[in-house]
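To keep things clear, I will list the structure first and then write my remarks on it.
A note on names: the letters A, B, ... follow the listed sequences, proteins ahead of strands, and every chain is numbered from 1.
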There are 2 protein chains.
Amino acid sequence: MIKENYTINSAELEKKTEWFIGKCREKGLKVTPQRLAIYRELMKTDEHPSAEMMYNKLRQDYPGISLDTVNRTLITLHEMGAANIVEGSGDSKRYDCNMDEHQHFKCIKCKKIYDFHHKPFDDIKLPPNINKKFKILRKTVYLEGICDICLEENE
Amino acid sequence: MIKENYTINSAELEKKTEWFIGKCREKGLKVTPQRLAIYRELMKTDEHPSAEMMYNKLRQDYPGISLDTVNRTLITLHEMGAANIVEGSGDSKRYDCNMDEHQHFKCIKCKKIYDFHHKPFDDIKLPPNINKKFKILRKTVYLEGICDICLEENE
DNA sequence: GTACTATATAGGAGTAAATCCTATTTGTCA
DNA sequence: TGACAAATAGGATTTACTCCTATATAGTAC
Ligand SMILES: [Mn+2]
Ligand SMILES: [Mn+2]
Ligand SMILES: [Zn+2]
Ligand SMILES: [Zn+2]
């Protein structure tokens, strides 16, 4: 139910990298080292990092990379359908390239975002007439509260 | 289903103002003109305004009010249980003092937030063991897409 | 009503996140 | 291999708060 200690294996990483390269070509987007690095870095984590978190990680291997490029590229990933912006209330944008159906719990104290998957949440039916008025692009069930670690800290 | 053209009637406005004053006293918070004005202004709208939007509206009647007070007070309202911060992905915080069960649709183009109420969404059951690990404080179903007005504009 | 005090406010400074600008570089394709 | 549109770096700017502090005021005690 609640997913933990995620690490992608290298076969999967390469497979998705190939998929990503194909997707770039398909959309007429250049396959730059920065884009690849950002996408691959995002695949390696389940921490739903912000642009700043990604920037700090990436500059270890790519000292010249700019924060603007990280920001721009994360939005590009989103527009390509290669990543999601995680829902939340306030705070900085957080990114996720796990496109499998799943849901999020966000701790309002430490701001960690935890993955979980509850099948019934995938299948909730939209109100019958809402499609007549709006074009629905995304439907999410989102939980907020205090995580186990923060609960423990408070005694 | 989708709610529109909301205006609170003055009886309701006064009733909720009384409730708010009671709530302030109960929590030992002073009933200042600014607090009252901000709460009352928020009650009059279903636009889910940001602090900035509230500030611009309020300074018409309270020329001296400060943006910091608006921001602080909106957070106070949230902490008192008199308002919610609307969920969303990115963008500035948006506030809502309609505490009746309802859901939101947000247009990713114009950023408008529309209320709707779909009873089945009130009743979705949490995954069975999630309470063992996390303290769940909020559960929301949230829709995103393009609103009718923005759809029309695109031809 | 007057005095006291903790709380709240105004206004400005400071900060964090994201976006914009522009000269330079680079991936793609002919 | 060269041309060019697209992308990047790095700095400036904007946006959305948050912090600071002197002043004002709501609540209470007399
Ligand atoms: Mn996720
Ligand atoms: Mn609402
Ligand atoms: Zn936590
Ligand atoms: Zn719209």
Legend entry - Residue pairs involving residues 72-88 of chain A (criterion salt bridge (Lys or Arg N to Asp or Glu O under 4.0 Å); sequence neighbours excluded): A:D68-A:R72, A:E87-A:R138
Inset, instruction - Verify whether one side chain among B:D122 and B:Q103 offers a donor that lies under 3.5 Å from an acceptor in the other. - result: yes
Inset, instruction - Could you give me the CA-CA distance, side-chain angles and deciding distance for B:F105 and B:C147, then say whether side-chain contact (heavy atoms from CB on, under 4.5 Å) is met? - result: CA-CA 9 Å; B:F105 167 85; B:C147 77; 4.1 Å; yes
Inset, instruction - Please collect all ring-ring contact (aromatic ring centres under 6.0 Å, His included) contacts where either partner lies in residues 78-101 of chain B, sequence neighbours excluded, each pair once. - result: none
Legend entry - All pairs passing salt bridge (Lys or Arg N to Asp or Glu O under 4.0 Å) where residues 98-107 of chain A contributes a residue, at least two apart: A:D91-A:K106
Taking distance alone, no hydrogens or angles, what donor-acceptor pairs closer than 3.5 Å link side-chain atoms of residues 126-137 of chain A to residues at least two apart or in another chain?
| residue | atom | partner | partner atom | Å |
| --- | --- | --- | --- | --- |
| A:N129 | OD1 | A:K132 | NZ | 3.2 |
| A:K133 | NZ | B:E4 | OE2 | 3.3 |
| A:K133 | NZ | B:D148 | OD2 | 2.8 |

Inset, instruction - Go through residues 36-61 of chain B and report each residue with a non-hydrogen atom lying under 4.0 Å from DNA chain C, sorted by number. - result: none
Inset, instruction - Return no unless some side-chain N or O of A:T32 is found under 4.0 Å from OP1 or OP2 of D:dT8. - result: yes
Legend entry - Option among A:T69, A:L42, A:I38 that satisfies the side-chain contact (heavy atoms from CB on, under 4.5 Å) test with A:L58: A:I38
Legend entry - Under 3.5 Å donor-acceptor, B:R94 side chain and B:K111 backbone: yes
Legend entry - A:H104 and A:H48 aromatic ring geometry - parallel, tilted or perpendicular at 30°/60° bounds: perpendicular
Legend entry - Along DNA chain C, first and last positions that approach a heavy atom of chain B under 4.0 Å: C:dA6 to C:dG11
Inset, instruction - Just say parallel, tilted or perpendicular for the rings of B:F121 and B:F116, cut-offs at 30° and 60°. - result: perpendicular
Inset, instruction - Locate the shortest heavy-atom distance separating B:C97 from B:Y39; write the atom from each residue and the value. - result: CB-CE1, 4.2 Å
Legend entry - Set of side chain to side chain donor-acceptor pair (under 3.5 Å) partners for A:E14, sequence neighbours left out: A:R40
Legend entry - Aromatic ring proximity B:Y142/A:Y142, centre distance under 6.0 Å: no
Inset, instruction - Could you list all the salt bridge (Lys or Arg N to Asp or Glu O under 4.0 Å) pairs where at least one residue sits in residues 45-58 of chain A, not counting sequence neighbours? - result: A:E41-A:K57
Inset, instruction - Output yes when at least one side-chain N/O atom of A:Q34 is less than 4.0 Å from OP1 or OP2 of D:dA9, else no. - result: yes
Legend entry - B:D91 CG to D:dT14 C1', straight-line distance once rounded to whole Å: 15 Å
Inset, instruction - Go through residues 22-30 of chain A and report each residue with a non-hydrogen atom lying under 4.0 Å from DNA chain C, sorted by number. - result: A:R25, A:K30
Inset, instruction - To the nearest 10°, let me know how far the axis at one end of the helix from C:dG1-D:dC30 to C:dA30-D:dT1 is tilted from the axis at the other, five pairs an end. - result: 40°
Inset, instruction - Kindly write out the residues that satisfy side chain to side chain contact (heavy atoms under 4.5 Å, CB included) with B:N9, not counting sequence neighbours, or none if the list is empty. - result: B:A11, B:E12
Legend entry - Separation of D:dG27 C1' from B:I21 CD1 (nearest whole Å): 14 Å
Legend entry - Strand contacts (DNA chain C) in residues 62-82 of chain A, 4.0 angstrom heavy-atom criterion: A:D68, A:N71, A:I75
